[in-house]
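Throughout, protein chains are lettered first and strands after them, A, B, ... in sequence-line order, and every chain is numbered starting at 1.
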Amino acid sequence: MTLFLQQLINGLSLGAIYALIALGYTMVYGTLQLINFAHGEVYMMGAFAALYLARFLGVDTNPTIPGVIVVAVGAMTFCAVLGMTIERVAYRPLRRSSRLNMLITAIGVSLLLQNVGLLAFGALQSFPSLLPEAKWQIADGLALRSQDVLTFSVTIALMLGLHHIVERTQIGRAMRAVSHSRDTAALMGIPVDRVVSFTFAIGSVLAGAAALLIALDKHTIRPDMGMTGGLKAFVAAVLGGIGSIPGAVAGGLLLGLAETFVSGYLASTYRDAIAFLLLIGILLYKPSGLFGKSTVEKV
Amino acid sequence: MADASPPRPAPISLRGTLLGYLAFAVAIAAVWGIDVYAVPWTDPYLTDIVIRIGMALLAVMGLALVLGFTGQFSLGHAGFMAVGAYAAAMMSLHSGLHPMIGVLVGGFAAAVAGVVVGLPSLRLTGDYLAVVTLGFNGIIIVLIQNAPVLGGAAGLTGLPVATTFGWTFTWVLLGGLFIRNLLTSAHGRVFEAVRDNEIALRSLGVDTTRAKVVAFVVGAFWAGIAGGLLAHYRASIFPSQFQFDRSIEILAMVVLGGTGSLSGPLLSAAVLTALPEVLRPVAEYRMVIYSLLLIGMMILRPKGLLGGKEISDFFRRRPAAKKEAA
């Protein structure tokens, strides 16, 4: 039982990270119908931005709470700017061309950032402990780590914030309109380009937060973390139904739990295959995902 | 649609067909002539590059069919190479037959994998297919790494070396002929129609899923052949040779050469395989260059260098593709 509860905590913690990244995929897909392959790389760049910012400010050797907040805000801002730049430079010129071309471009951007990261940052770097870490022993074999608490609370706060933006603000309403129908939204006077840009910014901020959380938890960051993490987060988005915000959260948590339980009870070597098996299974039986609306093809 | 391919050459005549097969026989003879009389006196380094180009050609012609002509976005081509490579290697290690029979078996094994992956996923739209094939590539690697029979992450060693210039280019010629003939047949027209307007084709009563699966399986077969040849080239294979970045490399070759062209991707496969050898100092930046080429090409020249034309179209007296400007 304690093993089960421990796996549950680990799974939810991992799932929260996936959910945060998956939101970026799902929101961009909602507005542009594009799988933004570069999103995982924005997440990776966020981790390295946080590392270099912490070093630059000396927060890594002398961590203070305001310092950590500055690092977090800085990394998230960096991600937002990076995401908006990618959209502006690589995707906007292709707004009217075929989806295949946009997909290939997205893969190109992803590959570019990953390899630039590999050349610039090396294979892996260790991330300093910026916050005091504690481990509360609840029962024999069941412990709650402060990193997990941090991940949960930050994720919940960010999701409430996202919910507020999407449902209660003017720009959120514009985002929903654009995702409903880009052409109609444009005819209604909604500045579609600005809304798309904003969508990329929001998604990238969430990815930056996820990057910082995972870096504070695992203490190693690698240039290829965007590849694996991003791919799984994308699977999470598809699981939940791509384009659906609650779906991304549910898919992320589900995937995190599935991975943790498989590596806990079966074998950790199969962990990476689980995401894809789940994906293929879902696509075969319910291609629109758990929360997705099935669409009818119109000519 | 406006971006339809240029009209193909005149209807097939018996004389033309016979001449074509004669030319094919001459080409095969030439390949073996070179293999026997020229290769032993050639710099082994040069031969190595040429053989690796040959294997790239085989992998690329399969994806050119799937992506360029049928418009199906597969990101798992290296996975099919892995299936072919390991099936061929197991045949050679345990059956004692000629390695080229193993290569053929590898091709069929990859084709079976193509059916297994393609049948469910080709019902989905392009984006999902991309992700499923990507996932398939990942699963194949994980499975191989976890299978002691297949050598796990350490790979298989001690395979017979059989991939010579002659065999490689015999396969390349066979593959080229097969895919060219397939494309000029009624099947080929259906493939292109699937790419250009699937819904219209379906409303005409054509089973588009079947056409897509056929293209996918043929593409997987030739990727499997390429994998089998690779297995018998350096006497060893490792799962890491068939990871996602290899799939991307093949994709880049097809996209740069031009979707909807066969000779274009083959040309870019040759150039992109030889390029890192010529430009040793930039070999480290190879993937960066690939990705920049991909992005730049999509923005500036979305149909690739040849833009859906074949190299031979440029040598025709009457410009074949006048409506390309539209």
Side-chain angles (χ1 to χ4, degrees), chain A residues 29 33-35 37-38 86 89-94 97-116 118-119 224 227-228 231-232 234-235 237-238 242 267 269-285 287-289 295 297-299, chain B residues 3 67 71-73 75 117 119-121 123-132 134-143 145-146 152-153 195 197-200 202-203 244-245 247-249 251-252 254-255 259 284-300 302-303:
Chain A
Y29 195 89
Q33 280 76 51
L34 163 75
I35 299 177
F37 272 97
I86 292 171
V89 174
Y91 301 155
R92 198 174 295 178
L94 291 167
S97 62
S98 81
R99 286 171 66 183
L100 191 67
N101 288 357
M102 283 180 61
L103 207 55
I104 294 172
T105 313
I107 288 174
V109 175
S110 155
L111 218 60
L112 178 67
L113 290 176
Q114 192 186 338
N115 284 287
V116 165
L118 209 59
L119 291 173
D224 60 357
M227 181 81 218
T228 42
L231 219 60
K232 286 180 186 168
F234 173 74
V235 170
V238 177
I242 194 143
T269 40
Y270 285 101
R271 192 180 132 147
D272 289 341
I274 280 302
F276 296 117
L277 286 178
L278 262 178
L279 174 76
I280 292 171
I282 283 274
L283 288 181
L284 291 185
Y285 291 104
S288 48
T295 49
E297 207 171 348
K298 274 177 279 187
V299 183
Chain B
D3 58 351
L67 173 69
Q72 302 305 306
F73 198 22
L75 277 178
V117 179
L119 213 49
S121 53
R123 292 186 309 161
L124 304 164
T125 54
D127 303 356
Y128 285 124
L129 179 66
V131 178
V132 169
L134 186 74
F136 157 74
N137 199 341
I139 290 178
I140 284 285
I141 302 296
V142 171
L143 287 181
Q145 280 170 345
N146 283 297
R195 175 195 64 197
N197 196 337
E198 192 184 334
I199 298 172
R202 246 189 346 231
S203 70
F244 178 56
D245 46 354
S247 291
I248 293 284
E249 217 172 284
L251 174 81
V254 173
V255 171
T259 46
E284 194 186 344
Y285 299 94
R286 192 176 51 137
M287 290 311 271
V288 174
I289 294 171
Y290 278 176
S291 48
L292 283 174
L293 280 174
L294 272 181
I295 302 169
M297 187 67 84
M298 281 299 107
I299 294 176
L300 302 173
K303 291 212 77 187

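- Note that the CG atom of B/Leu134 and the CG atom of A/Leu231 stand 4.5 Å from one another [nearest 0.5 Å].
- The CD1 atom of B/Ile248 lies 4.5 Å from the CD1 atom of A/Ile107; values are rounded to the nearest 0.5 Å.
- Using a 4.5 Å cut-off between heavy atoms, B/Leu143 touches chain A through its side chain atoms alone.
- For the set B/Asn146, B/Leu75, B/Leu67, B/Val142, the count of heavy-atom pairs under 4.5 angstrom toward chain A peaks at B/Asn146.
- Shown here for A/Val116 and B/Val288, the closest heavy-atom pair between the two residues is N-CG2, 4.3 Å.
- Chosen from A/Val235, A/Val109, A/Leu118, the residue pairing most often with chain B at heavy-atom distances under 4.5 Å is A/Val109.
- Only the side chain of A/Leu94 comes within contact range of chain B, with heavy atoms under 4.5 Å apart.
- With sequence neighbours excluded, no residue forms a ring-ring contact (aromatic ring centres under 6.0 Å, His included) with A/Phe37.
- In terms of heavy-atom proximity, B/Ala130 sits nearest to A/Leu103 at CB-CD2, 4.1 Å.
- Applying the ring-ring contact (aromatic ring centres under 6.0 Å, His included) test to A/Tyr91 and every residue at least two apart in sequence or in another chain returns A/Phe200.
- Under the side chain to side chain donor-acceptor pair (under 3.5 Å) criterion, B/Gln145 pairs with no residue, sequence neighbours left out.
- Of the two parts of A/Met102, neither the backbone nor the side chain holds a non-hydrogen atom closer than 4.5 Å to a non-hydrogen atom of chain B.
- Residue A/Ile274 holds its CD1 atom at 9.0 Å from CD1 of B/Ile139, rounded to the nearest 0.5 Å.
- Contact of A/Gln114 with chain B is not made at all, since no heavy-atom distance falls under 4.5 Å.
- Once rounded to the nearest 0.5 Å, the distance linking CG of A/Leu111 with CZ of B/Phe244 reads 7.0 Å.
- In this structure, the portion of A/Val238 lying under 4.5 Å from any heavy atom of chain B is its side chain and not its backbone.
- Proximity to chain B involves both the backbone and the side chain of A/Thr105, based on heavy atoms less than 4.5 angstrom apart.
- Residues of residues 291-298 of chain B lying under 4.5 angstrom from chain A, judged on non-hydrogen atoms, are B/Ser291, B/Leu292, B/Leu294, B/Ile295, B/Met298 in numerical order.
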